Amino acid sequence: MSDSAIHAAAGAAGGIVAMTATYPLIFLSTRAAVETKNETRTAYQAVVDIIQREGVLGLYSGLNSSLLGIAITNGFVTCFVISHMGTKFLLHARVYYYFYERSRGIILRSRVGGKALSTLESVLTGMIAGSATTVISNPVWVVQTSQAVRTMSADGSPQTVKKLSFLETVQNILKNDGVGAFWRGIGPALVLVVNPVLQYTVFEQLKNYLIARRTRRLRALGGAATAVSALTDWDFFVLGALSKLVATSVTYPYIVIKSRLHAGSSVALKYKSSFDGVLTILREEGVAGLYKGIESKIVQSVLTAAILFAGQRRIYEAIKKKLPLLKAISNATLRV
């Protein structure tokens, strides 16, 4: 098993743990985004209200769909891995990886020269693969959002209704809205493909600035003329969190629109396009309407980064340590 495969497996395990641990925050941000009434209610008040009406498990409505969506999209997780060797995006997945490799092959066959993609070509390939997996996985996220807002009435107030399983939710959507409903919100979902690209760009710019600044300081203090400052694990974590914050803040209005369309909101279904949705929310709800639930989303993103940062490396080392034993067992089994 290659290092990249081990990193992907470790990232997958860390991603499942991160999603499960932070899902209540995703649940809260989704509900807040779908809410169209201008009412001021803190996240704490929302949590207390949900626990009183639905119990603690109410905060995990739709978790099974989320885990399935991650599995389909990224082979369990799109993993931003931070290690002592540096940083890299590990987009090692089944569906995503298939489209990434197909796109990469087409680009490489179309030109003569090196076998490596340029930065621009890598970004383009990633966006093509991301768009393809978004189209494929959108039905799962429609189900997840439907489960998360199941106990909300049309005007956003709580109501008592029977919770539905994943399959029951699928049947309910088919019965009431037809097959086409599974691709509600595909427009803003495709726009959000730029989110990781934006995060990567911001991360690289911040990293290069920090390295250059520390290198100048190091040389000014008597270091060698060729000395280059190295960043610590903590530096990578902070830069990753900051870049995620910027990417989420810039693209969050489209997350709001996507959530409303996924939920089948009667208000959102009137949007003529994603941009028209932005203008409509600005007109009817103000700027704050475009950022409903962003507090929970940002906290969730930072906590996810922290969990991946703390857990991925340990899982990687554990798999690496056990790999010789697993190979020996596999070889013994084959001989039998």
Side-chain angles (χ1 to χ4, degrees), residues 19 23 26-27 29-36 60-78 91 93-100 102-103 126-156 159 161-196 251 253-278 280-281 293:
M19 171 61 77
Y23 185 78
I26 297 176
F27 176 83
S29 65
T30 299
R31 282 203 168 193
V34 172
E35 174 64 70
T36 56
Y60 287 88
S61 297
L63 173 61
N64 54 350
S65 303
S66 291
L67 295 177
L68 178 60
I70 290 175
I72 292 174
T73 306
N74 303 105
F76 295 124
V77 68
T78 299
L91 301 171
R94 295 172 183 173
V95 176
Y96 182 97
Y97 191 69
Y98 171 79
F99 286 106
Y100 185 89
R102 294 277 295 193
S103 302
M127 292 187 69
I128 292 172
S131 298
T133 51
T134 294
V135 172
I136 293 172
S137 65
N138 197 73
V140 178
W141 297 115
V142 169
V143 173
Q144 182 270 326
T145 305
S146 299
Q147 288 180 302
V149 303
R150 170 74 177 167
T151 56
M152 291 175 64
S153 63
D155 63 358
Q159 62 178 354
V161 294
K162 177 190 174 185
K163 291 184 180 181
L164 302 180
S165 67
F166 179 84
L167 291 178
E168 288 173 333
T169 304
V170 170
Q171 293 171 347
N172 186 58
I173 293 173
L174 282 172
K175 178 182 177 181
N176 296 324
D177 304 310
V179 177
F182 288 111
W183 279 273
R184 292 185 301 225
I186 191 64
L190 288 172
V191 172
L192 290 170
V193 170
V194 306
N195 186 288
T251 60
Y254 285 93
I255 295 178
V256 170
I257 295 170
K258 183 192 71 171
S259 296
R260 292 184 179 186
L261 289 170
H262 279 179
S265 167
S266 58
V267 174
L269 293 177
K270 296 177 182 177
Y271 300 156
K272 297 177 183 178
S273 64
S274 296
F275 186 66
D276 179 63
V278 172
T280 301
I281 293 174

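Predicted model only: the values in this text are computed from it and were never measured. Below, each value reflects all heavy atoms present in this structure, side chains not excepted, and no hydrogens, waters or symmetry copies. Position 1 is the first residue of the sequence, and the numbers go up from there.
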For A263 against V34, the heavy-atom pair lying closest together: CB-CG2, 4.0 Å
Output side-chain donor-acceptor pairs under 3.5 Å for residues 173-181, partner residues at least two apart or in another chain, one line each.
residue : atom : partner : partner atom : Å
N176    : ND2  : N172    : O            : 3.2
N176    : ND2  : N172    : OD1          : 2.9
D177    : OD2  : R184    : NH1          : 3.3

Those residues at least two apart in sequence (or on a different chain) that pass side chain to side chain contact (heavy atoms under 4.5 Å, CB included) with Y60 are Y23, P24, L63
Residues at least two apart in sequence or cross-chain that pass side chain to side chain contact (heavy atoms under 4.5 Å, CB included) with I186, listed by chain then number, are T134, V135, N138, W183, L190
Is there a donor-acceptor pair closer than 3.5 Å between any side-chain N or O of S29 and the backbone N or O of I26? yes
Please enumerate all residues that pass side chain to side chain contact (heavy atoms under 4.5 Å, CB included) together with T280, with sequence neighbours excluded. Y271, D276, R283, E284
Of all residues at least two apart in sequence or in a different chain, which pass the side-chain hydrogen bond (donor to acceptor under 3.5 Å, both in side chains) check with E168? S165
Should P139 and V143 count as side-chain neighbours, where that means a heavy-atom distance under 4.5 Å? no
Hey, what do you get for OG (S61) to CZ (R150), rounding to the nearest 0.5 Å? 11.0 Å
What pairs with S131 under side-chain hydrogen bond (donor to acceptor under 3.5 Å, both in side chains), at least two apart in sequence or on another chain? none
Spacing of OG belonging to S66 relative to CD belonging to Q147, to within rounding of 0.5 Å: 8.5 Å
Counting only N and O atoms by type, is there a donor-acceptor contact under 3.5 Å from the side chain of R31 to the main-chain atoms of V149? no
Which residues pass the side chain to side chain contact (heavy atoms under 4.5 Å, CB included) test with P188, sequence neighbours left out? Y254, I257, K258, L261, S274
Ignoring hydrogens, what is the shortest heavy-atom contact between F27 and A148? Give both atom names and the distance. CE1-O, 3.2 Å
